[in-house]
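Working notes for the structure below.
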Amino acid sequence: MGKQWNFEIMTDSAANLSEAVIRKYGLTVLSQTYTVDGVEYRGYEKGRDISAGPVYEMMREKKEIQTSLVNGQEAEREAEQLLKAGKDILYIGLSSALSGTFQVVRFVFEELQEKYPDRRLAAVDSLSLSLGEGVLVMRAARMREEGYSLRQTEQWLESNRLCLRQELTVEDLFYLKRGGRIGTAAAVLGAALKVKPLLRVDDDGSFAVLGKTRGRKKSLDIMAEQLQENIIDSREQIIYIVHGDCLPDAEYLAERIRQRVKIKETRIQILEPVLGSHSGPGTVGQIYWGKHR
């Protein structure tokens, strides 16, 4: 926190932000955790990028991975440290439809607000996940640099978050089934038919079925078509692509997008381990500003 901001920005590790971005914008990041074979790991550790690769190898071995929300005591400790320093806080969190993390932090904020009535604490549900959440965090940080107040930034996020589109496909329905996203029968049938579901994040910040197709490349081609149909101001946009340890597929999607649409840039990043454990190896997602979801 070398720079003097008019408010602090807090998020969680599900935002999938690199350590370079976290340092650049002076962000406070709360960590979700995951447990494998009785050993607990943090989704984020201050000062270093977390390598998600080994997690995907464990998933391919079908090891059971349990995930946990942000710890309320840790959230309280981090927030109170900022409040004691006279700072206001804007928290931008993982979609409340997919995790209880947002509710944990909001409850902590409500308690701290009573203790620090002169400070302002605001929590915005991103209604997004991974770099969808992360894009909103980065936009808030840039607005802060431009002199926008906490309230102005909060209002902008709440007014525009549903124009941030996220579409994804998965390689193996096993993980969505295990997480309760689809039924067992659908997972078995999908695996037998080599069906690749196409999903989107809806207005509630949950997964909705966009369609289904047979074949991996076809599913990625359809994602590129979706982007072409729905993107706005494409020449000004950075398109973010996240992947579950399947970089060649992410690069294929990026190339298909570039063939269809004139864009500023594509950036590819591995999906962080906590979210990745729910979607599995082979997940590919795209994030961009477009028409209302």
Side-chain angles (χ1 to χ4, degrees), residues 5 8-32 42-52 55 67 69-70 75 78 89-99 101-102 105 122-145 153-154 156-158 160-168 200-201 205 207 227 231 236-245 250 253-254 263-279 283-290 293:
W5 315 113
E8 297 297 328
I9 297 175
M10 179 179 287
T11 188
D12 47 64
S13 55
N16 223 134
L17 295 171
S18 69
E19 184 61 24
V21 168
I22 292 166
R23 286 198 306 269
K24 177 181 178 180
Y25 293 120
L27 306 172
T28 298
V29 180
L30 305 173
S31 181
Q32 294 180 298
R42 292 176 63 83
Y44 171 73
E45 289 186 16
K46 187 173 182 178
R48 71 185 188 94
D49 284 308
I50 300 295
S51 174
V55 176
T67 62
L69 310 179
V70 160
E78 292 285 350
I89 308 172
L90 173 63
Y91 168 68
I92 304 163
L94 171 62
S95 172
S96 60
L98 299 175
S99 168
T101 283
F102 180 78
V105 178
V124 173
D125 186 343
S126 72
L127 300 176
S128 296
L129 65 151
S130 181
L131 278 172
E133 177 187 353
V135 164
L136 293 178
V137 173
M138 289 186 282
R139 176 61 69 93
R142 289 194 296 271
M143 290 181 70
R144 181 180 62 177
E145 287 185 336
T153 306
E154 177 188 14
W156 190 94
L157 293 172
E158 291 179 341
N160 291 278
R161 59 190 170 182
L162 294 182
C163 291
L164 187 64
R165 297 181 62 94
Q166 294 178 267
E167 290 118 14
L168 66 151
R200 66 181 180 89
V201 179
F207 290 125
L227 182 143
I231 196 169
E236 304 302 317
Q237 283 211 52
I238 298 171
I239 309 301
Y240 291 90
I241 298 173
V242 293
H243 66 93
D245 199 29
L253 175 60
I263 56 172
K264 182 177 179 179
E265 185 183 349
T266 57
R267 292 184 186 174
I268 298 173
Q269 193 164 321
I270 195 167
L271 187 59
E272 60 87 24
V274 175
L275 290 177
S277 71
H278 290 285
S279 59
T283 300
V284 180
Q286 60 187 15
I287 299 104
Y288 60 97
W289 292 101
R293 294 177 186 174

- To the nearest 0.5 Å, atom CH2 of Trp156 lies from atom CG of Leu136 at 7.0 Å
- Please work out which of the three classes, parallel, tilted or perpendicular, describes the rings of Phe102 and Tyr91, given edges at 30° and 60°. parallel
- Message: Tell me which one of Leu69, Leu94, Val70 satisfies side-chain contact (heavy atoms from CB on, under 4.5 Å) with Leu30.
- Response: Val70
- Rounded to the nearest 0.5 angstrom, the CD-OH distance for Glu265 and Tyr240 is 7.5 Å
- Query: Is Ser126 reaching over with its side chain to a backbone N or O of Gly93, donor-acceptor style, under 3.5 angstrom?
  - Reply: yes
- Note on the structure: Taken to the nearest 0.5 Å, the spacing of Arg42 CZ from Arg48 CZ works out to 10.0 Å
- Message: With a 3.5 Å distance limit and no angle check, can you tell me whether Arg144 reaches the backbone of Thr153 through a side-chain donor-acceptor pair?
- Response: no
- Item | Verdict with supporting geometry, Asp12 and Thr101, side-chain hydrogen bond (donor to acceptor under 3.5 Å, both in side chains) | CA-CA 8 Å; Asp12 47 64; Thr101 283; 5.6 Å; no
- Task: Taking atom types as modelled, find out whether Glu272 and Ser13 have a side-chain donor-acceptor pair closer than 3.5 angstrom.
- Result: no
- Polar side chain donor-acceptor pair, Glu8 to Thr28, under 3.5 angstrom: no
- Is the shortest heavy-atom distance from the side chain of Tyr25 to the side chain of Leu17 under 4.5 Å? no
- Test side-chain hydrogen bond (donor to acceptor under 3.5 Å, both in side chains) applied to Gln269 and Ser18, step by step: CA-CA 9 Å; Gln269 193 164 321; Ser18 69; 5.5 Å; no
- Query: If you look at every heavy atom in Ile268 and Ala250, which pair is closest and at what distance?
  - Reply: CG2-CB, 3.8 Å
- Going through the checks in order, is the side-chain contact (heavy atoms from CB on, under 4.5 Å) test met by Val137 and Val21? CA-CA 10 Å; Val137 173; Val21 168; over 6 Å; no
- Which atom names give the shortest non-hydrogen contact between Leu164 and Gly132, and what distance separates them? CD2-O, 3.0 Å
- Query: Would Tyr44 and Gln32 satisfy side-chain contact (heavy atoms from CB on, under 4.5 Å), going step by step from the backbone distance to the final call?
  - Reply: CA-CA 7 Å; Tyr44 171 73; Gln32 294 180 298; over 6 Å; no
- Item | Backbone N/O of Ile287 and side chain of Gln166: donor-acceptor pair under 3.5 Å | no
- Task: Write down the atom of Gly43, the atom of Val274, and the distance for their closest heavy-atom approach.
- Result: CA-CG2, 4.5 Å
- Task: Give, for atom CD of Glu236 and atom NZ of Lys264, the distance between the pair rounded to the nearest 0.5 Å.
- Result: 7.0 Å
- Minimal heavy-atom distance between Leu127 and Asp125, with the atoms involved, is N-OD1, 2.9 Å
- For Glu154, which residues count as a side-chain contact (heavy atoms from CB on, under 4.5 Å) partner, sequence neighbours excluded? Leu90, Arg120, Ala122, Val124, Leu150, Arg151, Glu158
- Item | Thr11 side chain to Val29 backbone, donor-acceptor under 3.5 Å | no
- Task: To the nearest 0.5 angstrom, please state how far the OG atom of Ser279 sits from the CG atom of Leu271.
- Result: 5.0 Å
- Message: With rounding to the nearest 0.5 angstrom, report the OG1 to CD1 distance, Thr283 to Ile270.
- Response: 10.5 Å
- By side chain to side chain donor-acceptor pair (under 3.5 Å), Arg293 pairs with (sequence neighbours left out) Ser128
- Hey, are the side chains of Leu98 and Phe207 touching, using non-hydrogen atoms and a 4.5 Å cut-off? yes
- Task: Output, in order, the C-alpha distance, side-chain angles, deciding distance and verdict of side-chain contact (heavy atoms from CB on, under 4.5 Å) for Val201 and Ser95.
- Result: CA-CA 10 Å; Val201 179; Ser95 172; 5.8 Å; no
